[in-house]
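Worksheet for the structure shown next.
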Amino acid sequence: MRTNFLLLLISTVCTLVLCELGVRFFMPQINEHDLMFQVDKDLGWTFIPNKRGNIIYEGGIRHTIQTNTEGYRDVPFDSKNENVKIMVLGDSFVSNISVNSETVFTRLMEEQLETTSVYNFGVNGYGQVQELLVLKKWAPQLKPDIALVLIYLRNDFTDNTYKTQWLYPRPSVAFNTEGGLQISPPSQNYKKKQALPYYYKSHIFRLLKQSVANIKQKTTKDFSLEDLPPEHYICRTPFSKETALMYETMKRLVLEINAYGKTLDIPVVFALAPSLVQVNDELWLKLQEADKSVSLQRDLPNRELLDFAKTHAIEMIDLMPSLRHTQNKGISMYNIKEQHWTAEGNVLVAKVLCEYLENRTK
């Protein structure tokens, strides 16, 4: 009897181990997003160089990403040797970890533009403060022909204004009465995420947990609007005092980035990336119905920044018209849950940006 029990126990353990290894290698369940980053005393955080990790999100997003020696999601920079260099800065809409590396719009731009290398300097969670610091670090040695700065309209306003912590604290910015900029380094004190119980490291456990959650979940593909999403105050008129400060800070940073580009004789082009809620008509209607006491204009941040750019002779392109037009044709531009561009969204963005860059030289 005891022998049979031991044999059963051993066979059960062996089966579980084999299943764990099988799921771990062929259908991993643990999203390693947070493990891709390290603290940085100036920028707050960076990708870990030469780091490989599994990216897993709802909606069928399941692949592996790899950073290069320089700590960005791109091929090694020293492998690029084309005549024209384009430096692209931004947040997770530039690093685009929700799609395969071959589908990221910067890779597609490189394929479409002749004799051109497109360098992807996108890092998740970055705002324009960190993008300015990256530009100052890399532009003098890279000597790009163009710097392309992507502004994500959903959260870059708050990223620039508040001393918020992402995975790690971010640098902050202040302006004096004369408009002078002062960047303060990130705090070295930060709250680490509370460690999950040990069994959360099991891929089988995560698979079973997600399966149960899918059964319990209501059968809907709708994106649920959280309480007071950023669009509620970024697109709201009139501005509150806090929102007015966000816009003023953004505009001053745009001026600062553009001015720094001029010191190196590098043209800077800004691209406005709208949010899923701004592009999707159904979700925008839901947001309006959520609070009918306020006046919301979905293109308000776009118009504010475009008018500012025109006044100061700054190059700026708005991606929202093209994204909305294609979305309304029934082609999903954003992952409804994860909220970043789909493969089709990246294709469109690459096309729009390439057309703009080609036309500006004519």
Do [X] and [Y] come close enough that some side-chain heavy atom pair is under 4.5 Å?
X    : Y    : result
V84  : S117 : no
I183 : L132 : yes
I151 : V254 : yes
S184 : P171 : no
M246 : I234 : yes
L135 : L89  : yes
E358 : L113 : yes
C354 : Q112 : yes

Could you tell me whether the side chains of [X] and [Y] share a donor-acceptor contact shorter than 3.5 Å?
X    : Y    : answer
Q66  : S101 : no
S95  : S92  : no
N68  : N50  : no
Y356 : E315 : yes
Q327 : S332 : no
T64  : N54  : yes

Next item on the list: Any chance you could lay out the side chain to side chain contact (heavy atoms under 4.5 Å, CB included) test for V88 and L150, step after step, and finish with the verdict?
Entry: CA-CA 8 Å; V88 185; L150 190 136; 5.5 Å; no
Any chain of hydrophobic side-chain contacts (each under 4.5 Å) joining [X] to [Y]?
X    : Y    : value
L167 : Y72  : yes
V347 : F105 : no
L108 : V269 : no
F270 : W138 : yes
L43  : V129 : yes

Return the minimal non-hydrogen interatomic distance between [X] and [Y], and the atom names on each side.
X    : Y    : result
V104 : N120 : CG1-ND2, 3.7 Å
Y168 : G44  : CB-O, 3.5 Å
K51  : L35  : CE-O, 3.3 Å
W284 : L296 : CZ2-CB, 3.7 Å
R360 : P267 : NH2-CB, 3.6 Å
S322 : L348 : O-CD2, 3.4 Å

Sidechain-backbone polar pair: [X] side chain, [Y] backbone, donor-acceptor under 3.5 Å:
X    : Y    : answer
N280 : L283 : yes
T161 : T158 : no
T67  : I48  : yes
R73  : N96  : yes
Q128 : L253 : no
D291 : L287 : no
E338 : H340 : yes
H63  : V99  : yes
Q141 : K137 : yes
K85  : L142 : yes

Next item on the list: Could you please spell out the steps behind the side chain to side chain contact (heavy atoms under 4.5 Å, CB included) verdict for L323 and Y334?
Entry: CA-CA 9 Å; L323 287 165; Y334 293 73; 3.6 Å; yes
Please determine whether a side-chain nitrogen of the Lys or Arg among [X] and [Y] lies less than 4.0 Å from a carboxylate oxygen of the Asp or Glu.
X    : Y    : value
D307 : R303 : no
E110 : K80  : yes
D40  : R170 : no
R252 : E248 : yes
R324 : D281 : yes
K351 : E355 : yes

Value rounded to 0.5 Å, distance of [atom1] in [X] from [atom2] in [Y]:
X    : Y    : atom1 : atom2 : result
M320 : D318 : CE    : CG    : 6.0 Å
L153 : E304 : CG    : CD    : 11.5 Å
L148 : L357 : CG    : CG    : 6.5 Å
N155 : D91  : CG    : CG    : 6.0 Å
L245 : F175 : CG    : CZ    : 9.5 Å
L353 : L319 : CG    : CG    : 5.5 Å

Next item on the list: Take E289 and L285 through the test side chain to side chain contact (heavy atoms under 4.5 Å, CB included) and record every step on the way to the result.
Entry: CA-CA 6 Å; E289 292 176 345; L285 180 60; 3.8 Å; yes
Notebook entry, point to check: Of the options R298, Q288, Q278, R154, which is the one that meets E231 in a side-chain hydrogen bond (donor to acceptor under 3.5 Å, both in side chains)?
Noted result: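 Looking at R298, Q288, Q278, R154, the match for E231 under the side-chain hydrogen bond (donor to acceptor under 3.5 Å, both in side chains) is R154.
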Next item on the list: Would you please test I65 and R52 for side chain to side chain contact (heavy atoms under 4.5 Å, CB included) and show each step?
Entry: CA-CA 6 Å; I65 67 170; R52 188 177 179 87; over 6 Å; no
Item checked: Passing option when Y126 is tested against F93, W166, W45 for ring-ring contact (aromatic ring centres under 6.0 Å, His included) -> W45
Next item on the list: Please work out whether the ring planes of Y247 and F239 are parallel, tilted or perpendicular, with thresholds of 30° and 60°.
Entry: parallel
Checklist line | Test of ring centre spacing under 6.0 Å for F47 and F37 | finding: yes
Margin query: Q339 vs S275, test: side chain to side chain donor-acceptor pair (under 3.5 Å). Steps then yes/no.
Written below: CA-CA 8 Å; Q339 299 189 51; S275 70; over 6 Å; no
